Amino acid sequence: MILWGVLATGANAADPQPYVTDLVSTGQGDLDTALKASSDLLALQSTQAVGPFALAGRVRDEYDRLRTALESCGYYDGTVHIVLSRPKAGGQATPTPAQPTAPGAQADDDAAVLNSPSINGKSQDLANWIANVPKGEKIEARVSVDTGPLYHLGLITLKDDKTGQPPKLTPAQMKALGLVTGQPAIAQTVLGGGGQLLDALRESGHALARVEKPTAYLRPETRTLDIVYPVTPGPMLNIGNISLDGLQKVHPSFIRRRLTVQEGQLYQPSKIEEARQNLTDLGVFSSVGVKDGSSKAVDGTMPLDFSFREGKRHAVGAEAGYSTDLGARAGVNWTHFNLLGNAERLRLVALVTGLGGSAQQGLGYDVYADFSKPDFLQRNQNLSARIEGLRQLFWSYRQTALLVRGGVARPLARNWNGNFGLAAEQESIEQFGVTRDYTILSVPVSTTFDNTGVGNPIEPATHGMRLSLGVTPSLSLGTKGEGTSFFAVMNASASTYFDLTHLGISRPGRSILAFRGTIGSIQGASTWNIPPDQRMYAGGSATVRGYRWQGVGPQYGNTRYAIGGTSIDAGSVEYRQRILHSFGMALFADAGQVGESSMPFDGTLRVGTGAGVRYYTPIGPVRLDVAVPVNRAPQGDKWDLYIGLGEAF
């Protein structure tokens with residue numbers, strides 16, 4: 001009769017049976033995280049609802065899953081409690097026992113179990129109790145744990161499987177294990193120690209080292225866990241034969257010269273990965289892989305197999321930008337990768353410039369070809385060359401020019417790079433109604449420092465510093481009685497970035513203070529003896545926002561014609577804030593001046609302020625800034641808008 005009552009009631013039960021899980025916090029963040037990650041009741045409550053009997057099985061499995069989570073955190077005497085209840089049937093009550101207390105009371109006890117508002121998760125009647133819940137009623141599963149005492153590590157033993165004796169390890173390798181007697185017996189720490197030891201052994205040349213999963217021995221009387229690690233160091237090996245697979249257009253001889261690891265060098269995974277990444281950075285491969293070339297030592301060495309997949313050799317792109325001072329610029333580019341088989345790159349660009357800018361008098365163009373060759377004459381020394389045709393119709397002057405320049409760049413020290421070049425320019429410049437022709441020869445020399453850790457110039461920096469120092473001795477050969485002048489352009493710029501997470505007021509990378517400073521001087525000639533395009537100007541996103549390009553500095557009367565100067569100094573401070581995942585904002589203030597003296601800090605100081613928004617894409621942020629001048633110059637812009645890819649600095 002009782003069974004019939006159960007089946008009759010269960011016929012109206014929900015299938016699947018909805019439920020909600022209440023996992024009671026232990027007050028320990030790491031343990032709560034482990035319990036939540038292990039709980040099927042919690043993870044599957046909304047995505048995989050099941051019928052009464054399957055749900056009862058899920059509850060029973062939950063005990064083992066949570067006990068495993070407790071043990072992984074060092075609690076080997078912990079207890080898991082699960083109580084299911086029907087809040088609509090009177091809330092939680094004392095759970096019914098898993099077994100009846102007296103044989104004569106079997107029928108009454110079964111009926112009490114089925115009608116009880118709660119039940120212990122270990123009860124044999126759990127499935128029938130769930131089946132007895134009316135359709136449409138949600139069950140609550142309350143899960144809690146008693147952790148019991150925390151176990152600690154006891155004896156830690158390392159054993160070489162081949163000899164049965166402790167392996168001979170250096171103090172540094174033992175330290176890499178990171179385990180000491182008395183520390184909490186947390187599974188992740190114990191297993192991680194084995195991985196760290198394996199890394200240390202391989203980094204010491206033991207390419208065939210093995211560190212197996214440890215065996216643990218529980219000591220309840222002392223509440224400790226003894227650990228035995230099977231460790232086989234194997235022989236110390238050098239790098240053997242290096243094979244290159246998958247090369248098609250790239251010359252193998254170039255790759256072998258480029259490799260930073262060589263045969264006979266000590267086998268070290270970090271150095272091997274460095275070499276792989278270095279080849280990836282060439283930009284001609286879609287993927288570069290490396291693996292051990294053998295499962296055993298070959299003549300006391302470990303061969304390496306590098307595998308390559310070459311990328312597409314040609315790419316077509318478009319570029320565009322806009323600011324209210326320089327107007328719109330738009331164009332196309334075409335790139336040929338691996339031009340001659342040694343990772344050379346040829347890039348052709350054609351741009352239309354000056355559309356609608358307040359500093360422009362009409363449309364111009366910028367057409368150029370860039371050529372770059374890595375490892376020119378020696379490793380890590382790169383050659384670059386450009387030939388460029390240029391026409392710019394600024395209010396300050398109209399320029400038509402042909403430029404040829406080339407140079408080499410190479411690392412000088414950690415984070416330092418040096419550049420040396422030669423440049424020649426033939427130009428015609430119209431200023432104030434007079435046209436002059438110039439031939440300019442120059443020798444630009446510069447050095448840069450960058451410890452921001454950002455390889456992509458479009459990606460925003462969040463820490464570190466960038467520094468650039470340059471000097472360009474130049475010889476100007478004028479025509480039509482302009483004579484010859486010799487001058488040297490000297491400039492320096494620096495930017496630094498501070499993450500407010502160091503003050504404890506934001507998450508890493510979300511709130512950044514950025515600072516920029518620029519200073520420059522031209523020595524050897526006065527303003528009017530220097531070609532107009534070689535003089536110093538300020539205004540725009542590169543120096544003082546809120547003022548158009550060439551809008552800061554000496555002006556011709558009260559017109560918008562800029563004369564230019566022989567010194568410059570400018571500074572910026574910017575607050576950048578990420579909002580949600582893909583958006584951000586910025587507040588900034590810029591100040592700068594251009595003087596007719598060769599000593600900086602001369603002239604009229606101009607200040608601009610503004611704000612902007614950011615949209616973060618996979619290749620970098622799209623920037624939109626609006627700036628206004630604080631002390632506007634005569635004929636100056638009332639505001640300026642800047643749109644571009646990447647931050648202003």
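Worth saying up front: this structure is predicted, and the values here are computed from it rather than measured.
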How many angstroms lie between [atom1] in [X] and [atom2] in [Y], if you round to the nearest 0.5 Å?
| X | Y | atom1 | atom2 | value |
| --- | --- | --- | --- | --- |
| Ile512 | Thr501 | CD1 | OG1 | 8.5 Å |
| Thr496 | Leu513 | OG1 | CG | 10.5 Å |
| Asp40 | Asp61 | CG | CG | 7.5 Å |
| Asp602 | Ser567 | CG | OG | 5.5 Å |

Whether [X] side chain and [Y] backbone form a donor-acceptor pair below 3.5 Å:
| X | Y | result |
| --- | --- | --- |
| Arg345 | Ser372 | no |
| Gln381 | Asp375 | no |
| Asp637 | Trp639 | no |

Locate the shortest heavy-atom distance separating [X] from [Y]; write the atom from each residue and the value.
| X | Y | result |
| --- | --- | --- |
| Trp549 | Phe394 | NE1-CZ, 3.4 Å |
| Gly564 | Tyr537 | CA-CE2, 3.3 Å |
| Thr543 | Ala570 | CB-CB, 4.3 Å |

Query raised in the report: Under a 4.5 Å cut-off applied to non-hydrogen side-chain atoms, are Arg548 and Thr324 in contact?
Result: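 Not in contact.
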
Requested in this report: Just jot down the side chain to side chain donor-acceptor pair (under 3.5 Å) partners of Asn451, sequence neighbours excluded, or say none.
Outcome: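 Partners of Asn451 by the side chain to side chain donor-acceptor pair (under 3.5 Å) criterion come out as none, since no residue qualifies.
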
Query raised in the report: Is the centre of the Phe583 ring less than 6.0 Å from the centre of the Tyr616 ring?
Result: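 Distance test on ring centres: not under 6.0 Å, no.
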
[X], [atom1]: over 12 other non-hydrogen atoms inside 6.0 angstrom:
| X | atom1 | result |
| --- | --- | --- |
| Gln188 | CD | no |
| Arg313 | CZ | yes |
| Asp281 | CG | yes |

Query raised in the report: Parallel, tilted or perpendicular: which fits the ring planes of His336 and His314, with parallel below 30° and perpendicular above 60°?
Result: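 If you compare the ring of His336 with that of His314, the planes turn out perpendicular.
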
